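Step one of this worksheet: look at the structure below.
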Amino acid sequence: MSSKLLMIPGPIEFDPSVMAKMGQPTLSHVAPAFIESFGRALEMMREVWLAPSGQPFIIAGSGTLAMDMAGANLIEVGDKVLVISTGYFGERYAELLTRYGANVTFLQSEVGDIVPYETVESELASGKYKLMTFTHVDTSTGVLVDAKKMGELAQKNNVLSILDGVCSVAGEEIRQEEWGIDVVVTASQKAVGVPPGLALLVASEKAMTVWKNHKTPVGNYYCDWNLWLPIMQAYEARKPSYFATPPVNLIQALERSLELILEEGMDMRFARHKRLAQKFRNEMRSLGLSFIPKSAGVTANTLTAPYYPEDVNGGEFLRKVGENGVVIAGGLLPSHKTQYFRVGHMGIVNDEHIDRTAGAIKNALQVVA
Ligand code: PMP
């Protein structure tokens with residue numbers, strides 16, 4: 001563990017047994033022991049995503065690449081897409097999909113709020129959309145969208161759905177298959193609990209069928225499921241294969257982290273994230289702080305985004321918290337960047353981490369206020 005506690009919304013603190021995998025001698029990507037790790041990681045992803053018939057993909061890259069892979073394989077020029085945005089990362093998805101020729105309609109929430117479900121429903125009811133995307137937890141605002149409800153709306157209107165779960169998978173409750181969400185994308189460095197470097201997603205049978213029926217070539221070579229699906233299938237069948245060199249140590253670290261996640265159990269994990277988020281927010285409230293999300297119903301459990309008290313200099317405050325041994329993050333949303341800060345609490349986060357972080361913040365406020 002680093003000497004300072006890393007409490008930003010990713011990367012986060014990682015379990016020592018996960019970090020040990022990063023330092024092991026690197027195996028061949030076709031060594032039987034590595035094939036076994038890759039195969040097990042794919043199998044465990046289905047359990048963590050709660051998507052028993054889904055197709056998992058693990059590739060070297062960050063969360064943006066997972067978003068890109070879903071977009072590249074599901075969009076053809078002229079497809080109509082609804083992007084539902086609660087902040088910074090919705091804008092990214094709209095821009096990304098436009099590169100593939102999507103005709104994007106963009107619904108942007110007020111800062112700290114969601115786009116009302118009635119607005120989404122009436123837009124989808126127009127019947128013109130092939131696909132919709134939404135950010136489960138927007139890391140710039142700490143706003144949580146009701147993923148179950150979004151899955152229902154998408155299914156009811158026969159629209160494919162992509163959930164950006166970079167700041168939610170393995171922290172917030174997601175039951176991909178039961179909730180009818182077609183693609184759930186994430187990255188390794190947040191609640192999944194592995195250092196940065198893996199793009200992860202699980203696609204539904206419906207999404208795979210839409211992809212199989214595409215008429216024009218997939219517009220991104222490295223992301224093309226034609227090239228990656230046989231690799232994922234080979235590793236699951238415990239057979240050697242090669243398209244592009246997999247990040248061996250990261251995938252072994254992923255295997256270890258997924259084991260830890262499943263040992264805890266998904267329900268317990270969701271409940272722990274909720275409990276610790278509430279505890280942290282109560283601590284912040286007791287210091288007189290208020291939050292970007294407008295109500296408890298739209299507040300994430302993986303991070304908290306409090307406003308600085310008036311007359312506190314953000315840079316000075318963050319520096320002081322750092323001197324107190326805890327690293328937290330500044331604002332990200334351009335319009336509000338200097339008005340708030342962000343604290344991640346996901347993955348292996350525990351009561352002691354919350355107590356240390358709240359203590360460091362309390363002390364910093366006393367000094368800089
Ligand atoms: N979506 C969300 C919700 C995120 O929080 C992030 C990263 N903070 C991304 C997408 C992009 O992921 P990455 O930085 O790993 O490319």
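Quick note: residue numbers are just sequence positions, from 1. For ligands, and for the atoms within them, numbers begin at 1 and follow the listed sequence. Computed from a prediction, not measured in an experiment: that's the story for all the values here.
Heavy-atom proximity to Ser62, at under 4.0 Å, picks out these atoms of ligand 1: 13 (P), 15 (O), 16 (O). Near Gly63, with a cut-off below 4.0 Å to any heavy atom, the atoms of ligand 1 are 12 (O), 13 (P), 15 (O), 16 (O). Short contacts between ligand 1 and Arg92, defined as distances under 4.0 Å to a heavy atom of the residue, involve ligand atoms 11 (C).
Counting protein heavy atoms only, atom 9 (C) of ligand 1 is closest to Phe89 CE2, 3.3 Å. Looking from atom 11 (C) of ligand 1 to the surrounding protein, the closest heavy atom is Thr64 OG1, 3.5 Å. The protein atom (non-hydrogen) at minimum distance from atom 5 (O) of ligand 1 is Thr139 OG1, 2.3 Å. Annotation: atom 7 (C) of ligand 1 to nearest protein heavy atom, Lys190 NZ, 3.4 Å.
Residue contacts with ligand 1 include Met67, since one of its heavy atoms falls under 4.0 Å from the ligand. Ligand 1 has at least one atom lying under 4.0 Å from a heavy atom of Val137. The shortest separation from a heavy atom of Asp164 to ligand 1 is under 4.0 Å, placing the residue in contact.
Judged by distance alone, the side chains of Thr135 and Tyr88 never bring a donor and an acceptor atom under 3.5 Å apart. A donor-acceptor pair shorter than 3.5 Å cannot be found between the side chains of Asn73 and Tyr100.
Here the side chain of Asn249 pairs a donor or acceptor atom with the backbone of Gln24 at under 3.5 angstrom.
No N or O atom of Thr135 sits closer than 3.5 Å to an N or O atom of ligand 1.
Phe34 has its ring centre less than 6.0 Å from the ring centre of Phe38.
Of all heavy-atom pairs between Ala244 and Tyr222, the closest is CB-CE1, 4.2 Å. Here the shortest heavy-atom pairing between Met266 and Ala170 reads CE-CA, 4.3 Å.
Contact annotation: for Gln189 versus ligand 1, heavy atoms closer than 4.0 Å belong to the side chain alone.
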Problem - Residues Arg92, Thr64; criterion side chain to side chain donor-acceptor pair (under 3.5 Å); working and verdict - result: CA-CA 9 Å; Arg92 174 170 301 189; Thr64 307; 2.8 Å; yes

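Between Trp228 and Phe243, the angle of the ring planes goes over 60°, which puts this pair in the perpendicular group of the 30/60° scheme.
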